[in-house]
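Report on one structure; see the data block that follows.
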Amino acid sequence: MRLAYLIAIAALAAALLGLQPAAAAGVDKLYVLDCGHIYATDQSRWSPGVNVGVPIELSDNCYLIQHGQDWFLWDTGLADVLATQPDGVKAAGGALLVKRTKTLMAQIEALALKPTDIKSIGISHTHPDHIGNVEEFPQAMLYVQKAEYEWPGEDGKPRFKPEHPVTKLEGDHDVFGDGSVVIISTPGHTPGHQSLLVRLPHTGAVVLSGDAAHFQDNWDNRRVPPFNFNKEESLASMQRIADILAKEHAELWINHDKPQTDAQRKPPEFYD
Ligand SMILES: [Zn+2]
């Protein structure tokens with residue numbers, strides 16, 4: 001009896017000790033940063049046959065996450081140099097107008113951070129409205145799916161500088177090893193598109209879905225843009241995200257959904 005009692009006490013003590021680092025770990029802050037604005041004359045480029053000829057404005061967000069001493073950046077938005085062109089620049093053969101009203105660097109500085117404080121970056125995919133500033137952080141570990149990294153760019157060029165530190169993923173990845181920030185493989189929009197599950201202590205779980213859907217109506221109706229890399233994978237990834245939302249009781253944060261973005265907290269406010 002006495003031995004069993006001692007073993008039970010020891011197990012309880014070990015469990016309590018084990019809990020201490022876990023309680024100190026986890027996400028401290030999540031900031032939603034303004035990483036550009038996209039204006040389209042015809043939103044049906046994302047919703048085939050629906051709202052043809054109807055213009056739309058999309059948000060373009062980056063998300064900065066503090067985890068203890070580490071800062072993790074999810075997506076880097078349109079290139080900061082765009083901010084020098086207040087009227088914006090035409091893209092996609094004139095179908096889009098892209099703008100930046102403030103730079104990512106200025107927003108990072110406003111939080112009293114330096115670019116070298118950003119220890120790692122995850123990108124949802126390699127379209128230019130998501131990777132525009134990766135090379136502003138040459139020291140940051142880049143988390144990208146192998147399939148995306150090796151997907152040839154225009155003229156067969158590599159999508160990233162070969163010298164940039166990279167972890168090529170083949171599936172999901174728990175960034176800090178404590179389940180607080182988990183990269184979720186959601187291919188389809190591009191070969192190695194990925195999303196991010198963030199378990200916030202007070203807000204609860206959120207899924208940053210990248211471009212798995214571009215706005216709420218497309219998510220609700222499971223619409224796949226015609227230019228996606230793979231339609232079946234796109235649909236399967238949306239279902240996978242829906243399953244995670246249900247299991248985690250998580251909110252879906254759609255990067256390009258302007259009404260949703262407008263309603264979210266902006267720095268210096270944050271989510272925790
Ligand atoms: Zn995008």
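Counting starts at 1 for both ligands and their atoms, in listed order. The chain is numbered in sequence order, starting from 1.
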Listed by chain and number, what are the side chain to side chain donor-acceptor pair (under 3.5 Å) partners of Q145, not counting sequence neighbours?
Q194

Where does the angle between the aromatic ring planes of F227 and H214 fall among parallel (under 30°), tilted (30 to 60°) and perpendicular (over 60°)?
perpendicular

Polar protein atoms near the Zn ion (ligand 1) [N, O or S; cut-off under 2.8 Å]:
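The answer is D129 OD2, H130 NE2, D211 OD2, H256 NE2.
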
Let me have the donor-acceptor pairs involving side chains of residues 104-115, under 3.5 Å, with sequence neighbours excluded, atom names and distances please.
residue	atom	partner	partner atom	Å
Q107	OE1	D34	N	2.9
Q107	NE2	D34	O	2.7
Q107	NE2	T103	O	3.0

Closest heavy-atom pair and its distance - H67, S180
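For H67 and S180, the tightest heavy-atom pair comes out as CD2-OG, 3.3 Å.
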
With a cutoff of under 4.5 Å between side-chain heavy atoms, which Ile, Leu, Val, Met, Phe, Trp and Tyr residues group with F229?
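Via sub-4.5 Å side-chain contacts, F229 links to W151.
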
H256-H130 aromatic ring centre distance below 6.0 Å:
yes

